[in-house]
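Along the sequence shown, residues carry numbers from 1.
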Amino acid sequence: MKKTSISFALARFVFISYLSLAVITSILVINYVLNSTNKEYDKIINREISTITNNYKIFIEQHLILLAEQANTPLYIQALMQPDANLGKVQDFMSDLTLLGKQYEESLLDFEGNTLHTTTKDINIDYQQFTWVNQLLQQQQNNHVSAVNISGAYYWSLAVPIYYNNQVEGVLVANIPIDFINQQSQNSRLNGLMVEIIQDEKVLTSFGNSITGRQHLEAWQQVGVVFRFTIDDTALNEELSRLAFQLGAIILIAIAITTFLTYLFGYRYFVKPILSLSKATDQLDKGDERINLTENIHIRELAELFKKFNLMTEKVAKREDALRKSYSKLSCANDELKQSESQLVQSEKMASIGVLASGVAHEINNPIGFIKSNLSMLRDYFVDIEKYYHTSLLNLTNETQRAIQQDLAKKHDIEFFLKDIPPLLESSIGGVERVTEIVQSLKTFARIDLPDKSIVDINEGLNATLNMVWNELKFNCKIHVDLKPLPRIFAYPGKLNQVFMNLLINAGQSIDDKGDIYVRTYVKNNDIVVEVKDTGCGINPEHLSQIFTPFYTTKAIGEGTGLGLSISHQIIEQHDGRLDVVSTLGEGSCFSLYLPIRSNETESSV
């Protein structure tokens with residue numbers, strides 16, 4: 001779990017608290033500003049839309065008024081009454097007609113809706129298809145305005161009836177391009193607006209730049225069109241974003257300054273005293289000279305804590321001093337007890353093994369003696385039988401009897417038996433002698449030590465030990481033995497055999513696959529030297545100084561106790577000798593055991 005300091009935690013708490021408060025406040029303020037701004041902005045936009053819509057209505061009304069004035073021209077009534085006589089005049093008159101200074105396509109319709117004359121070129125419009133023509137002729141409408149599609153282009157179709165004696169005699173129609181309605185509004189009013197004229201969900205035309213944003217609809221029910229105003233909120237949104245950013249920046253700067261001041265406050269009044277307490281605790285834990293904490297601090301609880309800590313450290317120092325003295329005495333006693341215990345356990349173990357091995361060797365020795373004696377007698381008996389067989393063959397004078405004897409011998413493989421039995425007896429006697437030798441080695445190795453030293457043949461004990469550990473080493477080790485003649489010395493034979501066994505077993509365990517073990521004995525400078533050298537893995541130089549330490553081992557858990565070399569080293573010291581080791585990592589180790597030869601305690605070797 002990740003740890004943090006009090007000042008940082010306090011600063012983080014203040015930062016999160018202020019940040020949460022600032023976020024809530026900012027949301028409320030920004031929401032209020034947005035609502036207020038949108039309301040004011042909507043008022044302005046609605047006013048602009050209303051102005052533009054009114055301008056469009058004024059445009060249509062002005063053209064209707066002018067068209068109605070034109071419809072009161074007497075020439076139109078004459079043409080309707082006498083079309084053939086007045087058609088040329090009407091054509092000349094209509095060719096020069098304008099509405100607000102602009103010429104538009106105008107058509108004169110008779111009382112049946114047929115076109116008498118039109119200024120439209122190359123386009124024949126059938127006005128009878130429009131229902132509003134019939135409504136005007138039947139005086140159901142005073143005028144008419146609609147958006148019509150003429151040859152793929154959209155027009156404002158303005159129509160007024162022509163009266164004569166309060167009767168409708170015809171209709172005057174003017175078709176104004178639909179885009180002309182916006183000509184008088186091409187000014188700054190369309191900045192940030194897009195106006196679309198829609199009829200039956202189809203956009204007929206649009207004014208202004210193509211933009212996206214909020215939309216406002218203005219329906220002309222009588223005309224059958226809808227004006228859709230799209231409002232560009234980009235500038236407003238940018239301004240609001242800038243305002244929110246500035247407000248957020250101011251709030252963050254204020255929070256950062258407040259957090260930093262909180263951190264400094266927490267560090268000065270909380271962290272520094274606690275750090276000093278932690279430092280004093282570490283020194284107390286390491287056993288260094290204790291530190292008296294300053295009790296004159298602003299925080300009352302911490303001052304009380306420091307006072308109690310100083311009293312505690314004083315008591316701990318006194319108890320630690322007394323404990324250190326007691327521990328020193330106990331440690332020395334414990335070390336002595338461990339060494340004595342390990343030697344006692346090993347001695348008892350070896351004594352038990354010696355008693356058991358001596359009993360087993362004695363029990364094996366008797367039947368082995370019987371077997372060896374019986375095999376020797378059987379060999380002698382067989383020699384007599386063999387002599388008897390050959391002599392009886394020579395003494396047979398009758399050829400018939402000799403032939404019968406030879407056939408019987410051949411039938412029962414007597415000749416084969418006579419040749420095969422002697423080697424079998426010799427092999428069995430050799431095996432019995434090998435068992436006798438192993439039993440003797442076992443008795444020699446398991447010899448129970450007496451309280452006093454006795455005359456010992458080092459080579460004899462080493463051979464006995466080699467025979468005992470041979471089964472452990474024969475699978476992956478080749479043993480090379482070179483034993484020189486040695487004088488006999490006074491020693492503890494059982495303990496020396498234990499040392500030999502430890503060195504040989506360690507040498508075998510250091511060889512992983514296949515290797516060699518060299519065992520040598522010789523005399524050097526009034527010392528008997530026993531060398532055990534292997535081609536195993538060797539010992540790391542860092543571990544060489546600790547291999548004779550009790551319970552120290554580099555083997556895996558459960559494979560070694562760490563007492564073998566320690567006990568061996570102590571046994572050699574009991575003989576006033578020394579145990580040296582030379583090792584190269586990856587090449588092998590060589591243990592050299594030196595036993596002093598004292599002239600008043602030796603006996604010449606035989």
Minimum heavy-atom separation for [X] to [Y], with atom names?
{"X": "Lys514", "Y": "Phe475", "value": "NZ-O, 2.7 Å"}
{"X": "Val523", "Y": "Pro487", "value": "CG2-CD, 3.9 Å"}
{"X": "Ser568", "Y": "Leu579", "value": "CB-CD2, 4.4 Å"}
{"X": "Leu504", "Y": "Val532", "value": "CD2-CG1, 4.1 Å"}
{"X": "Ser510", "Y": "Asp534", "value": "OG-OD1, 3.3 Å"}
{"X": "Ile511", "Y": "Cys477", "value": "CD1-SG, 3.8 Å"}

Item checked: Lys484 backbone acceptor or donor facing Asn459 side chain under 3.5 Å -> yes

Notebook entry, point to check: Taking the side chain from His575 and the backbone from Tyr492, do they hold a donor-acceptor pair closer than 3.5 Å?
Noted result: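 At least one qualifying donor-acceptor pair exists.
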
Do [X] and [Y] touch side chain to side chain, with heavy atoms closer than 4.5 Å?
{"X": "Arg520", "Y": "Val529", "result": "no"}
{"X": "Glu531", "Y": "Tyr522", "result": "yes"}
{"X": "Cys590", "Y": "Ser583", "result": "no"}
{"X": "Ile517", "Y": "Leu473", "result": "yes"}

Next item on the list: Evaluate the ring planes of His480 and Tyr518, with Trp represented by its six-membered ring, and classify them as parallel (under 30°), tilted (30 to 60°) or perpendicular (over 60°).
Entry: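 Aromatic pair His480/Tyr518 classed parallel.
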
Please set out all donor-acceptor pairs under 3.5 angstrom arising from side-chain atoms of residues 252-260, sequence neighbours excluded.
from	atom 1	to	atom 2	distance (Å)
Thr258	OG1	Ala254	O	2.8
Thr259	OG1	Ile255	O	2.7

Item checked: salt bridge (charged side-chain N to carboxylate O under 4.0 Å, His left out) partners for Lys325, two or more places apart -> Asp321

